Amino acid sequence: MTATTVPSVTVPRVTVPGPPRTGAARPGEEPLKALLTPQTRSRRPAGRDAVATWRDLTERVRSAGQYAERAEAERITRIVLSTLGGHVVGDERVELARALPEEAASVIAAQIPVARPLTAAQFVDSVAERIAEATPATARWHAGSVLSALADLLPDALLTRILAELPPGYALLFGRAELGLTSRRKSVST
């Protein structure tokens, strides 16, 4: 594993995860099995348009991103979710995993939580580094395609809490307006 260093933030460069891994969790990470037990699957929150399968999610991404092939949408979805995975922590990470198809939850849960999330621009740059020949503009397109499809599946309250955790600028990647998030961030942090 190599690391990409951004001023005062080190982000591990990882390979897009394949099938869910087994074994012990990394420090600070809940084991995937704890996130996805039969009991938690039955308590998955219903989003506005709950997705039942990985295929449904990637079809939404394919449509949003106008990708010609579902395989391309799957690849981009894995890359963006693996980049996002370490930035959503705590209860929001657990609820996000519960709200997603198992394969998507595995990608999120496989990431080591970061100490300090990247800015939205750094997040896009990180996505660009993981995609061959991506420019900042195409990486922004890819991130927006995946995150806006994801946002449509999540309950509004969960999405609001996730956005409140992240630095300014992420709301636009999720296809949402940034208005009013500053006051929520202040109330969440106090």
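Sequence positions, counted from 1, serve as the residue numbers for this chain. None of these values were measured; they are calculated from a predicted model.
A heavy-atom distance below 4.5 Å is not found between the side chains of I79 and V146. A heavy-atom distance below 4.5 Å is found between the side chains of V124 and L173. Y67 places a side-chain heavy atom less than 4.5 Å from the side chain of S145. Counting heavy atoms from C-beta on, the side chains of L154 and I162 come closer than 4.5 Å.
Using cut-offs of 30° and 60° for the angle between ring planes, the H87 and Y170 rings count as tilted.
Of all non-hydrogen atoms in L147 and F174, the two that sit nearest each other are O-CD2, 3.4 Å. The shortest heavy-atom contact between Q111 and V107 is NE2-O, 3.3 Å. Taking all atoms of both residues into account, the shortest heavy-atom contact from A97 to A105 is O-CB, 3.3 Å. Summarising the geometry of A120 relative to G169, their closest heavy-atom pair is CB-C, 3.5 Å, with the distance given to 0.1 Å. Contact between A99 and L158 at its shortest, heavy atoms only, is CB-CD2, 4.5 Å. The shortest non-hydrogen separation linking S126 to L118 is CB-CD1, 4.0 Å.
A distance of 11.5 Å separates NE2 in H142 from CZ in R140, rounded to the nearest 0.5 Å. Between the OG1 atom in T77 and the CZ atom in R70 there is a gap of 10.0 Å [rounded to 0.5 Å]. To the nearest 0.5 Å, atom CG of residue L159 and atom CD of residue E92 are 11.0 Å apart.
Using a distance-only test at 3.5 Å, with no hydrogens or angles considered, no donor-acceptor pair links the side chain of S63 to the main chain of R60. Remark: side-chain polar atoms of E165 are paired, donor with acceptor, to backbone N or O of V89 under 3.5 angstrom. Side chain of R93 to main chain of G85: a donor-acceptor pair is present (N/O by atom type, distance under 3.5 Å, no hydrogens or angles). With hydrogens and angles disregarded, a donor-acceptor distance shorter than 3.5 Å links the side chain of S148 to the backbone of G144. T160 contributes a side-chain N or O that, together with a main-chain N or O of D156, makes up a donor-acceptor pair within less than 3.5 Å. Looking only at distances, no side-chain donor or acceptor of W54 sits under 3.5 Å from a matching main-chain atom of A104. Between the side chain of Q122 and the backbone N or O of T119 there is at least one donor-acceptor pair closer than 3.5 Å.
Under the 4.5 Å side-chain heavy-atom criterion for Ile, Leu, Val, Met, Phe, Trp and Tyr, W141 and L57 are members of the same hydrophobic cluster. Under the 4.5 Å side-chain contact rule for hydrophobic residues, L81 and I131 share a cluster.
In this structure, D91 does not pair ionically with R98, as no charged nitrogen and carboxylate oxygen lie closer than 4.0 Å.
Partners of R62 according to the salt bridge (charged side-chain N to carboxylate O under 4.0 Å, His left out) rule, which considers only residues two or more places apart in sequence or in another chain, are E59.
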field: E74 and R55: CA distance, side-chain angles, deciding distance, salt bridge (Lys or Arg N to Asp or Glu O under 4.0 Å) verdict
entry: CA-CA 8 Å; E74 283 187 9; R55 183 180 183 98; over 6 Å; no
message: Please evaluate residues S82 and R130 with respect to the criterion side chain to side chain contact (heavy atoms under 4.5 Å, CB included), reporting the C-alpha separation (whole Å), side-chain torsions for both, the decisive distance (0.1 Å), and the verdict.
response: CA-CA 10 Å; S82 68; R130 297 168 187 227; 3.3 Å; yes
